[in-house]
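Below is one structure, written out as structure tokens, with a few remarks after it.
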Amino acid sequence: MRLLAVSKTCPGSAVRAAHAAGQAAFGENYVQEGLAKIDELSDLRPALAWHLIGPVQSNKTRAVAEAFDWVHGVDRLKIAQRLSEQRPAGLPALNICLQVNVSGEASKSGVGWGELPALAHAVAALPGLRLRGLMSIPEPAADLAAQRAPHRALREAFERLQAEGLALDTLSMGMSADLEAAVLEGATLVRIGTAIFGARG
Ligand SMILES: *Cc1c(COP(=O)(O)O)cnc(C)c1O
């Protein structure tokens, strides 16, 4: 189980303190804020892994491909193709998790269940990327059983893709409010903000 510390809206000093306490992987939602923090903490760059967990617009793909180590919000082939083309040759492949719209909300980003297999196989073939797994942001639910259901569905889709030959190792699910449900359903990476850094102002 890996812990991604979600540092969105936190100052660089909070990331520095978390790193001093042993944390290496940090998640940012907003491209501009993430880029500014990566720049501010450039002295720590080799020791940190920066994950973009928010949506990626096509006009931001170059900056993202140049600065981040992971992108979790990919849900369209066009964005993946741009990230692959724009990943600098001197860097390792950019790690990708495909965002799945697990709750089927029309307003939410994420690929639908039906389109997921084709997208996963297409992204896995792009040379500048390394497809690592799936991520989700389910609708909030009050009780544990209701929280577990979308996480179980994501894990089952993940296992089907593995059975189809994709070398996936990352199931990015679970935030502060549904951490336990995600762990029970086999999350390999949990994205935790407020439970580490406190409420966002
Ligand atoms: C903000 C955010 C998190 C962390 O949420 P907390 O409730 O603060 O733990 C995780 N994942 C995504 C995609 C987020 O936007």
Side-chain angles (χ1 to χ4, degrees), residues 1-15 17-19 21-38 48-57 60-61 64 67-76 79-80 83 94-112 116 119 131-144 146-151 153-155 157-158 170-201:
M1 168 78 59
R2 286 171 288 155
L3 171 64
L4 181 66
V6 176
S7 49
K8 65 182 178 204
T9 78
C10 296
S13 57
V15 173
H19 169 259
Q23 178 64 24
F26 294 91
E28 289 287 331
N29 263 63
Y30 311 103
V31 174
Q32 290 311 327
E33 181 190 347
L35 294 174
K37 233 171 276 181
I38 291 169
L48 300 183
W50 286 102
H51 295 231
L52 182 67
I53 58 176
V56 193
Q57 279 91 35
K60 299 275 172 59
T61 52
V64 170
F68 284 85
D69 302 295
W70 286 70
V71 179
H72 294 230
V74 174
D75 61 3
R76 280 181 292 154
I79 295 291
L83 290 170
L94 183 63
N95 296 293
I96 301 292
C97 288
L98 298 178
Q99 183 174 350
V100 181
N101 186 355
V102 289
S103 305
E105 295 162 272
S107 60
K108 277 276 177 69
S109 42
V111 61
L116 172 62
L119 180 63
L131 180 63
R132 299 294 295 266
L134 305 179
M135 82 84 89
S136 64
I137 310 174
E139 254 179 326
D143 67 280
L144 187 65
Q147 289 177 0
R148 286 181 69 161
H151 291 321
L154 193 70
R155 192 219 331 129
F158 178 77
T170 303
L171 201 41
S172 166
M173 56 188 199
M175 319 195 340
S176 297
D178 61 352
L179 167 65
E180 184 187 353
V183 171
L184 287 168
E185 292 298 344
T188 70
L189 180 149
V190 291
R191 308 181 308 267
I192 307 298
T194 50
I196 296 175
F197 295 109
R200 286 181 284 274

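The structure displayed is predicted, hence computed values, not measured ones. Numbers for residues simply follow the sequence, beginning at 1. Just follow the structure's listing: the first ligand is 1, and inside any ligand the first atom is 1.
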Q: Could you list the atoms of ligand 1 found under 4.0 angstrom from a heavy atom of I192?
A: 9 (O)
Q. Would you say H72 touches ligand 1, if touching means a heavy atom closer than 4.0 Å?
A. no
Q: Just need the protein heavy atom nearest to atom 13 (C) of ligand 1, so name the residue and atom and give the distance.
A: I137 CD1, 3.5 Å
Q: Using a 4.0 Å heavy-atom cut-off, say whether I53 meets ligand 1 through its side chain, its backbone, both or neither.
A: both
Q) Starting from atom 6 (P) of ligand 1, which protein heavy atom do you reach first, and at what distance in Å? A) S176 OG, 3.5 Å
Q: Specify the protein heavy atom at minimum distance from atom 2 (C) of ligand 1: its residue, its atom name, and the distance to 0.1 Å.
A: K8 NZ, 2.6 Å
Q. N29 heavy atoms, cut-off 4.0 Å: which ligand 1 atoms fall inside?
A. 14 (C), 15 (O)
Q. Between H151 and D178, do the side chains contain an N or O donor and an N or O acceptor separated by less than 3.5 Å?
A. yes
**Q.** Which residue and heavy atom of the protein sit nearest atom 11 (N) of ligand 1, plus the separation
**A.** R191 NE, 2.9 Å
**Q.** Derivation of the side-chain contact (heavy atoms from CB on, under 4.5 Å) call for F68 and L35
**A.** CA-CA 8 Å; F68 284 85; L35 294 174; 4.0 Å; yes
Q: Applying side-chain contact (heavy atoms from CB on, under 4.5 Å), run through I96 and R132 and close with a yes or a no.
A: CA-CA 6 Å; I96 301 292; R132 299 294 295 266; over 6 Å; no
Q.
Does ligand 1 come near enough to M175 that some N or O of the ligand is less than 3.5 Å from an N or O of the residue?
A. no
Q) Does a donor on one side chain and an acceptor on the other come within less than 3.5 Å for S176 and T194? A) yes
Q.
Between E28 and S7, is there a side-chain donor-acceptor contact under 3.5 Å, judged purely by atom types and distance?
A. yes
**Q.** Partner of V111 under side chain to side chain contact (heavy atoms under 4.5 Å, CB included), chosen from N101, V74, V100
**A.** V100
**Q.** Carboxylate-amine/guanidinium contact E185 R155, below 4.0 Å
**A.** yes
